[in-house]
Amino acid sequence: MKIGYPCINTTLGCRSSRTFRLKSYSEERLMETVENNLTCLGKILRFNVKHNMLFFRITSDLVSFASHPICKFGWQEYFREQFRAVGDFVKNHDVRISMHPSQFTVVNSLNNRVFQNSVRELVYHAQVLDLMELDTSAKIQIHVGGVYGDKEKSMRRFVERFEKLDEAVKRRLVVENDDRYFSLRDCLQISAESGIPVLFDVFHHEVNNFGETIWDSFMLLTKTWKGGDGLPMVDYSSQRKGEREGQHIETINLGNFKKFLEETKPFDFDLMLEIKDKEKSALKAIKVASQDGRLINVTK
DNA sequence: TCACGTCAAGCAGAT
DNA sequence: ATCTGCTTGACGTGA
């Protein structure tokens with residue numbers, strides 16, 4: 001098991017998701033922003049490795065407007081060496097990487113323009129991971145998408161669309177259960193029809209399920225991750241008390257986390273902690289998981 | 001320096 | 001019709 005957190009480090013003074021307004025787009029601005037973001041990403045990854053956090057989600061905002069028609073700049077070539085250097089660091093320290101496109105990526109959309117935009121966005125995400133020269137265990141996680149009044153049909157449309165995607169995207173794409181529409185069971189059905197691995201979100205599952213226990217869930221979903229996919233990826237959070245349902249907790253509840261570790265003892269997977277205070281909770285979780293003998297041995 | 005209106009993009013449900 | 005939340009604030013104008 002590797003443990004990590006998404007996108008933002010709250011300790012270091014930099015962000016790898018700096019952006020700017022479309023109205024102020026220029027190649028200079030883009031180059032400057034991406035340069036900053038890649039440098040910061042390198043810093044975050046060094047921090048993470050130092051603290052034994054070997055799983056990290058790279059922000060979708062790494063390259064501003066990468067999939068927008070306004071962007072004609074060949075950032076892939078211009079930053080090739082920097083991407084490769086970050087990728088080398090990742091590989092040398094055995095770090096696992098994921099990415100999570102935003103809600104605007106809807107593979108099963110009824111609107112063809114939305115689908116085409118989604119394809120461009122997915123291609124961008126795959127390019128980032130390809131430029132880092134990472135293997136296919138570096139994944140891009142998305143939700144199934146919209147329901148459009150007919151869930152079965154919308155799931156079928158997801159599968160049909162998935163089949164037609166570029167191989168560069170397909171080999172990295174995984175589908176995640178959401179908290180309202182498409183549960184673990186739906187994702188497993190999609191996986192059975194398409195071969196796409198299922199990324200399990202523990203928190204979403206708590207509020208949207210068909211009565212499967214954590215054990216049942218892991219039994220089923222771990223089988224959807226095949227050879228080159230690496231270990232299953234799992235998202236973990238819990239409800240913030242006194243807040244609207246769905247709010248992520250501000251810091252990890254170690255009691256609950258220990259219980260989760262206990263429930264999943266026979267399974268190995270990589271764990272992404274979606275918690276407000278980011279690496280601070282990840283550090284606590286690593287300590288607990290390490291005492292529990294759940295982490296991989298780190299020799300580097 | 002700071003307040004605050006707004007920011008590329010979709011969807012569903014609440015108001 | 002408009003607003004909210006989602007993986008998440010922060011850009012940038014105006015004072």
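Worth knowing before you read on, the calculation uses all heavy atoms, side chains too, and leaves out hydrogens, waters and symmetry mates.
- Residues forming a ring pair (Phe, Tyr, Trp, His ring centres under 6.0 Å) with A:Phe257 (at least two apart in sequence, or on another chain): A:Tyr236.
- For the pair A:Lys170 and A:Phe162, the cation sits on the ring face: its NZ or CZ lies under 6.0 Å from the ring centre, inside 45° of the axis.
- Paired regions of DNA chain C, where each region holds three or more successive Watson-Crick or G-U pairs whose two hydrogen-bonding distances fall under 3.5 Å, are B:1-7 with C:9-15, B:10-15 with C:1-6.
- The separation of B:dC11 from C:dA10, taken at their P atoms, amounts to 27 Å, rounded to a whole angstrom.
- Rounded to the nearest Å, the gap between the P atom of B:dG5 and that of C:dT4 is 13 Å.
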Quiz item: Going through the distances and angles, do A:Arg171 and A:Asp130 end up as a salt bridge (Lys or Arg N to Asp or Glu O under 4.0 Å)?
Solution: CA-CA 11 Å; A:Arg171 66 195 192 124; A:Asp130 286 348; 3.0 Å; yes
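- Rounded to a whole Å, the CD atom of A:Gln141 is 12 Å from the P atom of C:dT8.
- Checked against side-chain hydrogen bond (donor to acceptor under 3.5 Å, both in side chains), A:Thr33 has no partners two or more places apart in sequence or in another chain.
- The environment of A:Arg18 atom CZ is sparse: at most 12 non-hydrogen atoms of other residues, nucleotides or ligands sit within 6.0 angstrom.
- Rounded to whole Å, the separation between the P atoms of C:dT2 and B:dT6 comes to 14 Å.
- Residue A:His100 contributes atom NE2, which lies 14 Å from atom C1' of B:dG10 at whole-angstrom precision.
- For the pair A:Asn112 CG and B:dG10 P, the interatomic distance rounds to 13 Å; values are reported in whole Å.
- Whole-Å rounding puts the A:Asp61 CG to B:dA8 C1' distance at 11 Å.
- For the residue pair A:Lys280/A:Thr251, the side-chain donor-acceptor check at 3.5 Å is not satisfied.
- Annotation for A:Phe260: atom CZ counts as buried by contact number, over 12 foreign heavy atoms lying within 6.0 Å.
- In this view, A:Tyr124 satisfies the side-chain hydrogen bond (donor to acceptor under 3.5 Å, both in side chains) rule with no residue, not counting sequence neighbours.
- Across the protein-nucleic acid pair, A:Arg113 atom CZ and B:dA9 atom P stand 9 Å apart, rounded to whole Å.
- Between the CD1 atom of A:Ile58 and the C1' atom of C:dT8 there is a distance of 17 Å, given to the nearest Å.
- Checking the phosphate oxygens (OP1, OP2) of B:dA8, no side-chain nitrogen or oxygen of A:Lys23 falls inside 4.0 Å.
- Of the C1' atoms belonging to B:dG10 and C:dC11, the separation is 22 Å, rounded to the nearest Å.
- To the nearest angstrom, P of C:dC6 lies 15 Å from CG of A:Asp235.
- A:Asp135 meets the side-chain contact (heavy atoms from CB on, under 4.5 Å) test with A:Ser137; sequence neighbours excluded.
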Tabulate protein N/O versus nucleotide N/O from nucleotides 11-15 of chain B, keeping only pairs under 3.5 Å, one per line.
{"from": "B:dC11", "atom 1": "OP1", "to": "A:Ser109", "atom 2": "OG", "distance (Å)": "2.7"}
{"from": "B:dC11", "atom 1": "OP1", "to": "A:Tyr148", "atom 2": "OH", "distance (Å)": "2.5"}
{"from": "B:dA12", "atom 1": "OP1", "to": "A:Val147", "atom 2": "N", "distance (Å)": "2.8"}
{"from": "B:dA12", "atom 1": "OP1", "to": "A:Tyr148", "atom 2": "N", "distance (Å)": "2.8"}
{"from": "B:dA12", "atom 1": "O4'", "to": "A:Tyr181", "atom 2": "OH", "distance (Å)": "3.1"}
{"from": "B:dA12", "atom 1": "O3'", "to": "A:Tyr181", "atom 2": "OH", "distance (Å)": "3.1"}
{"from": "B:dG13", "atom 1": "O4'", "to": "A:Arg180", "atom 2": "NH2", "distance (Å)": "3.4"}

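- When the P atom is used for both C:dT8 and B:dA3, the distance is 25 Å, rounded to whole Å.
- The aromatic ring of A:Phe104 does not sit over the base of B:dG10, since the test of centres under 5.5 Å and planes under 30° is not met.
- Every residue two or more places apart in sequence or in another chain that forms a side-chain hydrogen bond (donor to acceptor under 3.5 Å, both in side chains) with A:Arg80 is listed here: A:Glu77.
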Quiz prompt | B/S/- contact track for nucleotides 10-15 of chain C, protein heavy atom under 4.0 Å | solution = BBS---
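- By the ring pair (Phe, Tyr, Trp, His ring centres under 6.0 Å) test, A:Phe47 is found to be paired with A:His51, residues two or more places apart in sequence or in another chain being considered.
- In this structure, a donor-acceptor pair under 3.5 Å is present between the side chains of A:Glu279 and A:Thr10.
- Judged as a disulfide (SG to SG under 2.5 Å), not a single pair has a partner in residues 58-172 of chain A (not counting sequence neighbours).
- Residues from residues 65-74 of chain A with heavy atoms under 4.0 angstrom of DNA chain B, sorted by number: A:Phe65, A:Ser67, A:His68.
- In terms of the ring pair (Phe, Tyr, Trp, His ring centres under 6.0 Å) criterion, A:Phe115 has no residue partners (sequence neighbours excluded).
- Residues A:Phe104 and A:Val147 fall into different hydrophobic clusters, defined by Ile, Leu, Val, Met, Phe, Trp and Tyr side chains chained together at heavy-atom separations under 4.5 Å.
- Regarding A:Asp179, its CG atom lies at a distance of 19 Å from the P atom of C:dT4, rounded to whole Å.
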